[in-house]
Every structure is written in C-alpha cells, then in structure tokens.
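A short worksheet on the structure shown next.
Chain letters run A, B, ... following the sequence lines, proteins first and then strands; every chain starts at 1.
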Amino acid sequence: MGGQSPPLQLKPGMTQLSSTTVKDALESTAPIDAIQVQGWVRTRRDSKDFSFIEMNDGSCLRNLQIIARNSLPNYAALQRMTTGASISVRGTLVPSQGKGQTWEVVADKIDIVGTADDSYPLQKKGHTPEFLREIAHLRPRSNLFGCVFRVRSRLAFAIHKFFQERGFVYVHTPIITGSDCEGAGELFRVTTLDPKAGPRRLDGSIDYEQDFFARCTYLTVSGQLEAEAFACALSKVYTFGPTFRAENSNTSRHASEFWMIEPEMAFCALNGNMDLAEELVKYLIVDVREHCPDEMELFAKFVDKELLARLDFVVDRPFQRINYSDAVDLLKRSGAKFEFPIDYGLNLQSEHERWLTEKHFQCPVTVFNFPKEIKPFYMRLNDDGKTVAAIDLLVPGIGEIVGGSQREERIDVLEENMRRHKMDLADYKWYLDLRRYGTVPHSGFGLGFERMLMFITGVPNIRDVIPFARTPGSAEF
RNA sequence: UCCAGCGUAGCUCAGUGGUAGAGCGGUCGGCUGUUAACCGAUUGGUCGUAGGUUCGAAUCCUACCGCUGGAGCCA
C-alpha cells in the first residue's frame, strides 16, 4: 500500500507537537523557542494589552503563567474564559518579567479545548474540604486534593520500593474470600443469587451451596492468612491491596473500602516484626519528604502547622516500646482523668492510646504482649500462658496505624486457640497444614495505607485521602 | 449503632418571634506586568424536608433526611 498511515484526526487544540508538563516547564534551565502546554485554567487576570492566564495540569502544585496578548485572533473569547476551562497553548517559554515565577509562556496560539460556565463549582478562593468532598469528581483540580493524590501515588510507590529493596515478594491475595476468619468485623457478602427468589434450604434460608462459588463468599477483610502461606514458601512477602469492612463505623479514621499493606516474614519473631514496622514508617516519611517537598509545604501551611516538626521528630528518634501490662500501670499511675476504666485485661481505649502517644511519650509507641483474651486466635501464645505476642503501633493524632503479631506456629496450641474461639477446624485445614508441614516461627502486621497517608499529610479525615471514598451510607461516584 | 452540634445566596457565614443580610464568586464598567490584583456598580434565596404552635416562624416544638465532631469496632 502507500506506506503512509492516515493522519490522526485531532480535535481542535490537539496537535502533534508533544506537550511539556507544567512541572517540566517550570524546572527548565533555559528558554524554549517552541513549547506546547495543556491544562486547566485556574484563574485569569486582564492587563491593558494582554491577559494573564494561570494554568495547572496536575503535574505539580504550581501553576504556569500564560501571557495572552490582545493580538491573538481569539482574544475576545479568551477574555470570556473562566476558571475551569481547558486550554492548549503554543508559544515560547521566557523568563518572567513579573515577580513570583521565574518562567512564563508567551502564547502564539491558545486553543480553548473545553469551556466551563459560571456553574463551575471551584472558585479561585479557598473551599472547605467538606464542600469539596461533595464534588469528588472535581476536587482533584483543587490545590489541596491535587497534593493529596500526588502524595498518595508517591506513598504507594515508596511502599513497593521499601519492600522490593529488602527482598520481599509482592503477593496478590484474593479479594473474594471464603474465610470469614478472625471475626474481624462485618463482611460484605459476595453472591449472584437473587435474595428474594434464590434457592432455599429446608429451613427457608438461602442455599449458598448453589451460589456461584458453591459456598458463602465475602470481600476480604485481610490477606494475612493467605500471606502466611506464601511467607512459608518465599520467606518474606507483602500484600498491598484493597480491603473491605462492612462495619457501621462513622469516624474520620474508618472507611468501608481501604488499602492495607501486610508484610509477613518466616523465621521472624516479634522483635523483628517491631523493627520492620518502625523502619517502614520512618522510610515512608523520609521518602515523601524528599520527593514531594512542595506538597508537604502546602500541608504544613494550610492543614497542620506542626506537621513537619512532628514528622522530623518521628524520623529522628527510636519509637517507644512498652508491654501492655507496663502501659496499663503507667496509665493507672498517670493521675489523668479518663472516661473509661483502665485495668489489666481491658482493651486500651482511644483516650488511653492518645495519652500514651500524645501526652506521655509524645512520639510513636509500640505496645506489645497483650492478654490473649482480647486478641485473635492466630497470635502466638507467650511462655507466661497469659499473653500473646501482639503489637499495636500508635502514632500521635491518628492512634493505631499498625496492628500485628508473631503467629502461632505450634499446631496443638493453635488448634486449642481455635477451639476456644469456637471455630470449626475443618474450615481452616489449609491454614493448619502450614503448621503440619515444615512449620516456622513467623510474624507480620497490617499497616493502614490511608492512615499512613493521613499521618504524613496531616489531613484529618480519611475521606479526604481516598479518591472516591466509601463509607456507610455513601457510595456516590 | 450511641452521644453532641450544625443545615440561610454558587462558597463562607451573620440574623434567636415582626420587611432576607454581608464578604467572596458570577456579570457589567474602570484601572492595571498582574500574583487569592485593585476600584465602582450589579446579580443572586422553596432559610434541609414535612407537620405543628403563633396574629406573625429562618428563629419555638415534633419527626425525618443530610453533614460534622466524639465514642465503640479496627487499619
């Protein structure tokens, strides 16, 4: 044939000149004769013979200033253009004559790709996070949420980097699961059966043996049990994926769908587990501080003035470690007024955790060795016969960010635990096999991805660090 | 799910029993290498919904809905 592919049909404003991001343009070390930039108008100001357009493309926090001279053929249309419009600009990158930016683009051609009328909800002035939450599809165009979601991306990358650098294998554990294990809150049922017309058993209940998977299935609440299987083969593994809890919990720290990181290490006892959790938290802070300086500066300025000092403090010092019974003693002797009682055998309440991490130690605290009665079946029984090798890592402002344990590797002890928790051992045959064949001491923990992101950005509500948050009564978008 | 608070213009909020308000935004005009520009004018409302009390309700009462904060569960 002719050997020539037909020219691409490009919409107005789309050209074949490859475009430069705002980030790259602003970081340029020299003027550029011919440049193309594309993005959304943040604000526009008229001068006598030209118009200043501030354009943002999400590549960074900062805007690029475009100079639109009144000699442009569509100048009248440009002057009618409002915040939110999308544009494609060709021109030259030159040193700015004004203050506040080093570079600006003097436009030869500005195509208005898409207009935005005056119903566009984002104004150039500040909005509350609560309002922006109602327009979750537009809020990434705001400074705050652009920053949050760039940091979210970097944090996810840093997590993989941390584990890959240390020889951990990334394992994809199932999202649809058959184990309603550990009674970790309410589960979302997965079914294809019609709840009204589905097949029934004799007692009138729905017969899930005739369901898609021929059994009850749920969205996962944790990949831990499956991760243990892989740790007992590949030695060091981690999962990083979505998790679902149908708890009717309505707080700034809970979501129905969230992401969790769950490392699991064979031949590892509780101390190694604590070391890894501490190293991970510090690594993530350092990484984001280094790679997202503009974003961190915005959070420090508009979200939390103490943020950078607190993060530096966390990175610089060893985390406090205290066993549960010492923590209880400390709380009892504190003289502080608590709403809830504190005593050995009771769960630490939020106010107690807060006192430990915010008032007493004023830094992250790892509490370990909890009474077995208040912890799940899979945690390893300590020699005292009363406590299990569990850890909770508490951080100021958030509370629990990591929960983990050494796992019970002795099959007889594990089976006894399961019976005490009134579990059906037959349902966990595969899990018990891990102890039956070549069992090893192993440990792991869960790190809440969003809680870590909240801690690093200072953003106080989990709904504001998730692109489209799912919470009880709310699954819009 | 429990406790508390809040729903008034596109946004942020004032108005607590007697004519529905301000700032910002939008629009128009002016000025200007501007920086959340500035100056002037103007636009803008089912006061969350439904009922009730009252001569009269944004305001008082009841229910419901939504949001926010706190608690529990946890990550």
Is NZ or CZ of Arg166(A) both nearer than 6.0 Å to the six-membered ring centre of Tyr283(A) and within 45° of the ring axis?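 That pair qualifies as a cation-pi contact.
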[X] [atom1] - [N] [atom2] separation (whole Å):
X         : N      : atom1 : atom2 : value
Ile53(A)  : A37(B) : CD1   : C1'   : 16 Å
Leu348(A) : A71(B) : CG    : P     : 14 Å
Ile391(A) : A75(B) : CD1   : C1'   : 13 Å
Arg62(A)  : A36(B) : CZ    : C1'   : 17 Å
Leu447(A) : C74(B) : CG    : P     : 17 Å
Arg69(A)  : U34(B) : CZ    : C1'   : 14 Å
Arg139(A) : C11(B) : CZ    : P     : 17 Å
Leu132(A) : C67(B) : CG    : P     : 16 Å

Taking Lys161(A) first and then Glu165(A), would you say they form a salt bridge - that is, a charged N and a carboxylate O separated by under 4.0 Å?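 Glu165(A) and Lys161(A): salt-bridged.
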Flag the pair Arg42(A) and Glu54(A) as a salt bridge only when some basic side-chain nitrogen lies within less than 4.0 angstrom of an acidic carboxylate oxygen.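 No, no charged N to carboxylate O under 4.0 Å.
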Taking only the [atom1] atom of each, what is the distance from [N] to [M] in whole angstrom?
N      : M      : atom1 : result
C24(B) : A36(B) : P     : 16 Å
C31(B) : G15(B) : P     : 41 Å
A71(B) : C55(B) : C1'   : 47 Å
U35(B) : U42(B) : P     : 26 Å
A63(B) : C2(B)  : P     : 14 Å
A41(B) : A58(B) : P     : 30 Å
C6(B)  : G48(B) : C1'   : 11 Å
U62(B) : G70(B) : P     : 27 Å

To the side chain of [X], which of [options] is closest?
X         : options                : answer
Arg245(A) : C11(B), U1(B), A75(B)  : A75(B)
Glu400(A) : G69(B), C74(B), A71(B) : C74(B)
Asp46(A)  : A75(B), U32(B), C11(B) : U32(B)
Phe50(A)  : G33(B), U35(B), C11(B) : G33(B)
Arg451(A) : G33(B), A71(B), C74(B) : C74(B)
Arg253(A) : A71(B), G33(B), G26(B) : A71(B)
Asn461(A) : G69(B), G72(B), U34(B) : G69(B)
Glu104(A) : U27(B), U35(B), G33(B) : G33(B)

Please work out if [X] contacts a base, only the sugar-phosphate, or nothing of the nucleic acid, heavy-atom cut-off 4.0 Å.
X         : value
Asn248(A) : base
Gln65(A)  : base
Gly446(A) : sugar-phosphate
Phe258(A) : base
Thr128(A) : sugar-phosphate
Gln101(A) : base

Quiz question: going by heavy-atom distance under 3.5 Å, is there a donor-acceptor pair between the base of [N] and the side chain of [X]?
X         : N      : value
Gln349(A) : G72(B) : no
Glu130(A) : U12(B) : no
Gln97(A)  : G33(B) : yes

Are [X] and [Y] near enough that their ring centres are under 6.0 Å apart?
X         : Y         : value
Tyr324(A) : Tyr344(A) : yes
Phe258(A) : Phe449(A) : no
Phe50(A)  : Phe52(A)  : yes
His160(A) : Phe162(A) : no

Would you say a side-chain N or O of [X] is under 4.0 Å from OP1 or OP2 of [N]?
X         : N      : answer
Ser249(A) : C74(B) : no
Ser47(A)  : G33(B) : yes
Arg45(A)  : U35(B) : no
Ser252(A) : G70(B) : yes
Ser350(A) : G72(B) : yes

If [N] has a Watson-Crick or G-U wobble mate with both distances under 3.5 Å, name it; if not, just say none.
N      : answer
C60(B) : G52(B)
G69(B) : C3(B)
U16(B) : none
C38(B) : G30(B)
A9(B)  : none

Starting at the 5' end of RNA chain B, which residue's closest nucleotide do you reach first, Asp49(A) or Arg354(A)?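 The residue mapped nearer the 5' terminus is Asp49(A).
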5'-most contact on RNA chain B: Thr82(A) or His127(A), nearest heavy atom basis?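 Result of the comparison: His127(A).
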Checking salt bridge (charged side-chain N to carboxylate O under 4.0 Å, His left out) for the pair Arg90(A)/Asp111(A): CA distance, chi angles, key distance, verdict? CA-CA 9 Å; Arg90(A) 277 198 276 173; Asp111(A) 288 311; 5.8 Å; no
Between Glu226(A) and Tyr431(A), do the side chains contain a donor N or O and an acceptor N or O under 3.5 Å apart?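 No pair is found: no donor N or O on one side chain lies under 3.5 Å from an acceptor on the other.
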